[in-house]
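Each remark here refers to the structure printed beneath this line.
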Amino acid sequence: MPTRGFEYRSGLLCCEDVSLEEISSRVGTPAYVYAARSIVENYRAYTRACGAVPHTIHYAVKANGSLGVLALLARHGAGFDIVSGGELFRVLQAGGDPARVVFPGVGKTADEIDYALGAGIAIFNCESEAELELIHERAKRRQMRAPITLRVNPDVSAETHPYIATGLREHKFGIPIGEAEDLYVRAARMENLEIRGVSCHIGSQILDINAFVEALSKILDLIDALRRRGIPIRHLDLGGGLGVGYRPEDETPEIGDYLQALLEKLEGRDLELHLEPGRSIVAQAGILLTTVLYRKQSASKEFIIVDAAMNDLIRPALYKSYHDIIPVRAAGREPVTADIVGPICETGDFFARDRRMPLVEAGELLAVCTAGAYGFALSSNYNARPRAPEVLVEGGSFTVIRDRETYADLIRGERTG
Ligand SMILES: *Cc1c(COP(=O)(O)O)cnc(C)c1O
């Protein structure tokens, strides 16, 4: 089962040392449940593999920006990767250190830049010349120097869903690698900028480590060229994007193997390594817990209707992504082939189609696996459904890190005329 921190004990699915039945009786369903130790363990796998190489691991907030998750990682020393002012606010509220925050993104507004400069973030990863000029101007007003890298687009193709590939010339992200050198020269002449390094991010859910190695080679060539021109480059930020297995038969790349491949190339280079992993830290450490509402047979199909829906977890509808779905009670049962669907009025509201799975009855609990990343973060109130609560389990105890929304929450800030 493609999860970490979840296992059957005496036939009952548990998150760390707490049974999912107990969590459901406390907070109801649908609910997101996260295994804290697995999240920390994944983060530590990054820092451990870096060993003596100077590094900062910036957890990508957009994968799962819930305060409880951010606070957990902040306590263990993580830096953060933000893509908006709102994410910076979340990091600060969770006790994150602004001096360990990097800010990529193609559309930073002047307000967001001011907020980040005021908070004293570590680095802006700039994605265009116009943005560079705006950051320069805002830093000048404050009579300070803004620390920057240019996010370079290395033009490597990584095999992933086209919506989450970002490292090809045709994508909106970064500065084409062929134009980067000239822009660095221009940036070096801007007084209120301080060049720190080079950054890139080639996409998400990448399972082939060679794609990262290829990007790294291209970036290292660029760094050599920049250093020859007297531009001091101290760090290299390779972004995030390491994938995880979603299907039971998928292999999840080991974080240590991935880093080993990178570190070999960095040897003797006098570069600090920065990474921005999101998915590989939280995806497998989370599930979406849901209750079977009905079974329904049509002429040719068996439907299992559950109380979670695409507003809670949109990945199957948005990316056609696969999530393993398992019963919380493991009792031996007949297998069926069924569609597992939610209550929303859209045919796209499904978690699985024609899935072979154990037959479950109304009232039973199911776990939608590998839902810790881009799960709650992409959830909405579509169909006026209050958003699900989130529970963080640590050993034998658990904390409700977000309450289930109420009907009153649904209309907050609205008026009738
Ligand atoms: C989304 C994103 C990440 C994180 O990607 P994962 O696939 O979740 O590791 C890192 N850096 C940037 C710039 C991103 O946009």
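Because the structure is predicted, anything quoted here is derived from the model rather than measured. Counting convention: from 1, in listed order, for ligands and their atoms alike.
- Judged purely by atom type and a 3.5 angstrom limit, E131 uses its side chain to pair as donor or acceptor with the backbone of E127.
- To the nearest 0.5 Å, the span separating CD1 on I305 from OG1 on T291 amounts to 14.0 Å.
- Counting only N and O atoms by type, the side chains of N311 and N383 include no donor and acceptor under 3.5 Å apart.
- Not a single donor-acceptor pair under 3.5 Å links the side chain of N153 to the backbone N or O of G174.
- To the nearest 0.5 angstrom, E129 atom CD is 9.5 Å from E179 atom CD.
- Each of A60, K62, D81, P104, R151, H201, S204, G240, G241, E276, P277, G278, R279, Y374 has a non-hydrogen atom positioned under 4.0 Å from some atom of ligand 1.
- Aromatic ring orientation, H274 versus H235: parallel (interplanar angle below 30°, classes split at 30° and 60°).
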